[in-house]
Structure formats: structure tokens, C-alpha cells
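Both backbone and side-chain heavy atoms feed into the values below; hydrogens, waters and symmetry mates do not.
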Amino acid sequence: MNRSLLSERILEERIRNHLTQEELACRLGVSKAAVSKWECGQSLPDIALVPQIASLFSVTLDDLFGYKPLASEEKREEVTERLQALLAEDPAQAAAYAERQSARYWSDPELLKAIGLALYVKAIEPSASDEANCPEPASHVANLAERILRRVLQLDPDGPSTDFVLQALCILLASEGREGQADELIGKMVPAKPNTAAIILAGIAIRAGNPKGAEIALKRQLLFSLLEVASCAQALAGVEGVSAEELEDILVLAAAIQAPNGFEALSPTLVPIIRIALATQLVESGDGDRALDELERFVEDLERCCETFENPQNPPFFKPVDEFLWQNGDEKADEARGEAAASLRSSFASSIASNESWAAFRGNPRFKAIMRRLGEEGASV
């Protein structure tokens, strides 16, 4: 216990509650001299009395001890920025810093999530996992990331970021050869049949004379279902063995669910990712002309995708559940979206430029023009 801090808090709370030392002593069953010694810092109350003192003052134990389990927004930003800088320079020092901050804020799911995900990204980098000269720091980063991500799921099992955190944890486990543990975590969440709970809930709301409640329940489920369809389609495009014909069918599906006004904002990267997979599949099969056709369409898809990132227009249809949609008017969010769009362009340009499947086309005028549209970095190939 921090004797000085606890002494000050007991004194402050006694005065705030308009109690004399004698009255406080009487209610706690101790002597007035004991209370006086607590407030002077000469001694501490018996540990068994601490909950009774907190209850008497109508404060939590955290308040009584001056403990702040949640970090301020400024503190979270400070820790995240410092950790990112350390991870780039010295993973071992970064892990030590992350361990200190996570121990201090072990009950703050938001800060722990930021720390855990930063460590996770570092842990799955090839340079982090394959460093022959320093395997111990890399392993420590991965172990710490796992422990913190598990803690986030324990603190906030149904939070808005739960699926993302769970996904990161499963990828981390799989990257370390623990596919069985990853499967145990995520496998039970894969539905074995369609989920009709929202339909039943809507029916109950209608019977109760609450049509608005029914609308919200159904539109929320429809939004989540569309996002699930988009995610599955996007992931399917990366599965080895999916043919060009199947990718064309997936593109038709992707374009269909994005066609109405604003719906492309639900999953902006869906069509570009499937399109580039199709173009790469075609070039690897020797169909160069079609591959370049799809690559040109990919650039157009990517431009629309980046425009959506920078200026997302939410589908009006989902207005009743807009808490799950893009937030507009926030300066930091707008800036982050712009950075995400620029990063996406750069990432695709670098990926295509370094992909040996396109090596034979690097002198092709059409290919050069495509790479120029992707950016100066890509045009240099």
C-alpha cells in the first residue's frame, strides 16, 4: 500500500463525508487514536477494514487507493506512439516497455488492445520471426502479444473489436505452428447453419407493437451478413487452386453487392482484391492480353476504392444502424482514411512491381502505363 496516498484519501473522504475522527472510529469499531495515526501516515488500517472504509465513503477500492485502471486518451496515444517507435528500433526494449505499460493498465482493454496488436504485427513480420541472430526477443514479443490479446478477450469478450482481436490471436498461434489451439478458439464460432435469431427478434418486436425495433434488428443483421459475404468472397480470392473462371464468378457477386448507391463503402477493397487475383491468375496461365485487360480494370477499381476510403458515403438504407458505419466529420478519422488510401495504392504498386509473374511485361507499354497510374514507385520497374 502507498501509505502517504492512502492517508490523504482517508482524510479527504472523512472531511467530505462530514465525519469527525471519533465518528469514523466508532463506525469502524476502532479507536480515535487509530484513525489519527492513519491520517498522519504513522500506520495503515488493517487490510480487512479497507473494503468497509471504501463502502462507508461510497467509493471504490480503486478510488480509495488512487488507482486509475484506465488510461486517458492522451496516455493511450503516448504509449502507442512510443511502442511503435521502439518496435522499429529495438524489439527487446519495446517488449520491456509494453510489459511495464500493460502491467500498469491491466484492466484497460483499449490500451491493451493497442499494445497487443502492435506487438502482434511485429511478431508475424518475417524479419521478426526469422532473425537468426536474435530469436529470443522475437519469441518474447510473440509470447507477450499472445498474453495481452488473451487478456483483451477476457476483459471485453463481446466488444466491437472482439472478432479482430480474436483473428489476430489465431493468426499469431498459427504462425507459431499451434494451428490446433487456433482452431479450438475460432472453430466453435463458425456457424453450422443460418442464424435466424434476428428474424425471430424482429417478429417479437412486431408483436409487441415495436416496428422500429424490428427494422433495426433486421437491418443490423443484414449489414453484418453483407460484410460477412464480402469478407468471405475477398478471402476466397486468395485461396490457392481457385480458377480464373471461379474468380470471375466471385467478381460478379462482389460487384452485385456493391452496385447500389453507397454500398461499396461497406467493403471498399473487395472488388480490387478479387480483380488483381484474377489478373495474376490469367498472367500465370499465359493469357497475357486478358491479364492486362483485368489489370487496367483493377486500376480503375482501386481508384474508386481509394476515393471511397477518402470520402465514404454510407448507404442511406442503413441509417437506422449508422453506429456501425463510417464516421464522417472527424478530422483525425478523415486524415487516417487518406493515409490508408495512400498506403493501399503504394502496397499494390509494390506488390505488382515485385511479382515475378509480371516480369515478362515490364517492357510492355500498356503495363508501364498501368504502373504509372499506380504511382511513381511502380513506374520505375
Original post:
Can you tell me how far the OG1 atom of Thr308 sits from the CG atom of Leu302, to the nearest 0.5 Å?
Top reply: 10.5 Å

**OP:** Treat each ILVMFWY residue as a node, draw an edge where side-chain heavy atoms are under 4.5 Å apart, and state whether Leu218 and Ile216 are in one component.
**Re:** no

Original post:
Crowded around Gln52 CD? As in, over 12 foreign heavy atoms under 6.0 Å?
Top reply: yes

Subject >> ILVMFWY network linking Val252 to Ile274, side-chain heavy atoms under 4.5 angstrom >> reply: no

**OP:** Would you please classify the geometry between the Phe367 ring and the Phe361 ring as parallel, tilted or perpendicular, with 30° and 60° separating the classes?
**Re:** tilted

Original post:
Would you say the side chain of Leu83 lies within less than 4.5 Å of the side chain of Gln101, judging by non-hydrogen atoms?
Top reply: no

Original post:
Above 12 or not: heavy atoms from other molecules or residues under 6.0 Å from CD of Glu12?
Top reply: yes

Original post:
If we only count heavy atoms from C-beta on, is the Trp358 to Asn364 side-chain gap below 4.5 Å?
Top reply: no

Subject >> Leu87 to Ala118 - nearest heavy-atom pair and separation >> reply: CD1-O, 3.6 Å

Original post:
Near Arg16 CZ, under 6.0 Å, is it more than 12 heavy atoms from other residues, nucleotides or ligands?
Top reply: yes

Subject >> Nearest-0.5 Å distance that lies between atom NE2 in His140 and atom CD in Glu99 >> reply: 4.0 Å

Original post:
Under a 4.5 Å cut-off applied to non-hydrogen side-chain atoms, are Ile171 and Tyr120 in contact?
Top reply: yes

**OP:** Mark yes or no for whether Ser55, through its side chain, and Pro51, through its backbone, hold a donor-acceptor pair below 3.5 Å.
**Re:** no

Subject >> Test log, rule salt bridge (charged side-chain N to carboxylate O under 4.0 Å, His left out), inputs Arg362 and Glu356 >> reply: CA-CA 10 Å; Arg362 287 173 183 166; Glu356 288 303 311; 3.6 Å; yes

Original post:
Hey, what do you get for CD1 (Ile115) to NZ (Lys113), rounding to the nearest 0.5 Å?
Top reply: 12.5 Å

**OP:** Decide salt bridge (charged side-chain N to carboxylate O under 4.0 Å, His left out) for Arg373 and Glu303; before the verdict, give the C-alpha distance in whole Å, the side-chain angles of both, and the deciding distance to 0.1 Å.
**Re:** CA-CA 9 Å; Arg373 288 179 65 183; Glu303 288 172 350; 3.3 Å; yes

Subject >> Worked verdict on Leu247 versus Leu251 for side chain to side chain contact (heavy atoms under 4.5 Å, CB included) >> reply: CA-CA 6 Å; Leu247 286 172; Leu251 261 178; over 6 Å; no

**OP:** Begin with the C-alpha distance, continue with both residues' side-chain angles, and end with the deciding distance and a verdict on salt bridge (charged side-chain N to carboxylate O under 4.0 Å, His left out) for Glu78 and Lys75.
**Re:** CA-CA 5 Å; Glu78 174 195 324; Lys75 182 64 177 178; 3.4 Å; yes

**OP:** Check whether any side-chain heavy atom of Leu270 sits under 4.5 Å from a side-chain heavy atom of Ile257, and report yes or no.
**Re:** yes

**OP:** Without swapping roles, check the side chain of Ser231 against the backbone of Leu227 for a donor-acceptor pair under 3.5 Å.
**Re:** yes

Original post:
Side chains of Gln154 and Arg151: is there a donor and an acceptor less than 3.5 Å apart?
Top reply: yes

Subject >> Spacing of Leu295 atom CG and Leu374 atom CG [to the nearest 0.5 Å] >> reply: 7.0 Å

Original post:
Counting N and O atoms only, with roles assigned by atom type, does the side chain of Asp108 sit under 3.5 Å from a partner on the main chain of Ala71, one being a donor and the other an acceptor?
Top reply: yes

Original post:
Counting N and O atoms only, with roles assigned by atom type, does the side chain of Thr80 sit under 3.5 Å from a partner on the main chain of Arg76, one being a donor and the other an acceptor?
Top reply: yes

Original post:
In terms of the angle between their ring planes, are Phe317 and Phe263 parallel, tilted or perpendicular, with boundaries placed at 30° and 60°?
Top reply: tilted

Original post:
Can you name the side chain to side chain donor-acceptor pair (under 3.5 Å) partners of Gln281, sequence neighbours left out?
Top reply: none

**OP:** Hey, could you give me the OG1/CD1 distance between Thr269 and Ile276, rounded to the nearest 0.5 Å?
**Re:** 13.5 Å

Subject >> Distance, nearest 0.5 Å, that separates CD of Glu294 from OG1 of Thr280 >> reply: 10.5 Å

**OP:** Please name the pair of heavy atoms, one in Pro268 and one in Pro272, separated by the smallest distance, quoted to 0.1 Å.
**Re:** O-CD, 3.6 Å

Subject >> Ser357 versus Val283, closest heavy-atom pair with distance >> reply: O-CG2, 3.6 Å

Original post:
Is a donor on one side and an acceptor on the other found under 3.5 Å between the side chain of Ser350 and the backbone of Ser346?
Top reply: yes

**OP:** Compare every heavy atom of Ala214 with every heavy atom of Ala205, then report the nearest pair and how far apart it is.
**Re:** CB-N, 3.7 Å

**OP:** Kindly write out the residues that satisfy side chain to side chain contact (heavy atoms under 4.5 Å, CB included) with Glu23, not counting sequence neighbours, or none if the list is empty.
**Re:** Leu19, Thr20

Original post:
Yes or no on side chain to side chain contact (heavy atoms under 4.5 Å, CB included) for Phe348 and Val299, after CA distance, side-chain angles and deciding distance?
Top reply: CA-CA 10 Å; Phe348 273 120; Val299 177; over 6 Å; no

**OP:** Would you check if Asn261 and Pro316 make a side-chain contact, meaning some heavy-atom pair closer than 4.5 Å?
**Re:** yes

Subject >> Working for side chain to side chain contact (heavy atoms under 4.5 Å, CB included), residues Ile352 and Ile370 >> reply: CA-CA 10 Å; Ile352 295 169; Ile370 290 168; 6.0 Å; no

Original post:
Is it true that Asp322 and Lys319 have a side-chain N and a carboxylate O under 4.0 angstrom from each other?
Top reply: yes

Original post:
Looking at Asn143, Ile124, Ile148, which hits side-chain contact (heavy atoms from CB on, under 4.5 Å) with Leu119?
Top reply: Ile148

**OP:** Please step through side chain to side chain contact (heavy atoms under 4.5 Å, CB included) for the pair Leu11 and Trp38, ending with a clear verdict.
**Re:** CA-CA 8 Å; Leu11 175 60; Trp38 298 345; over 6 Å; no

Subject >> CD (Glu307) with more than 12 external heavy atoms under 6.0 Å >> reply: no

**OP:** Look at the side chain of Asn17 and the backbone N and O of Glu13, then say whether any donor-acceptor pair between them is shorter than 3.5 Å.
**Re:** yes

**OP:** Compute the centroid of each ring, for Phe324 and then for Phe224, and state whether the two points are separated by less than 6.0 Å.
**Re:** yes

Subject >> Contact summary for Cys306 and Arg345, nearest pair of heavy atoms >> reply: CB-NH2, 3.2 Å

**OP:** For the pair Ser31 (side chain) and Ala34 (backbone), establish whether a donor and an acceptor sit closer than 3.5 Å, ignoring hydrogens and angles.
**Re:** yes

Subject >> Derivation and outcome, salt bridge (charged side-chain N to carboxylate O under 4.0 Å, His left out), residues Arg297 and Glu300 >> reply: CA-CA 5 Å; Arg297 295 190 184 102; Glu300 295 170 0; over 6 Å; no

Subject >> Any donor-acceptor pair under 3.5 Å from Ser36 side chain to Lys32 backbone >> reply: no

Subject >> Leu172 to Ala142 - nearest heavy-atom pair and separation >> reply: CD2-O, 3.6 Å

Subject >> Lys219 atom NZ: more than 12 heavy-atom contacts under 6.0 Å >> reply: yes

Original post:
Linking I/L/V/M/F/W/Y whenever their side-chain heavy atoms sit closer than 4.5 Å, directly or via other members, would Val165 and Val79 fall into one cluster?
Top reply: yes

Subject >> Any Glu39 side-chain heavy atom under 4.5 Å of Val35 side chain >> reply: yes

Original post:
Going hydrophobic residue to hydrophobic residue with side-chain gaps under 4.5 angstrom, can you get from Phe318 over to Trp326?
Top reply: no

**OP:** Determine, using the 4.5 Å side-chain heavy-atom cutoff (strictly less than), whether Val239 and Val190 are members of one ILVMFWY cluster.
**Re:** no

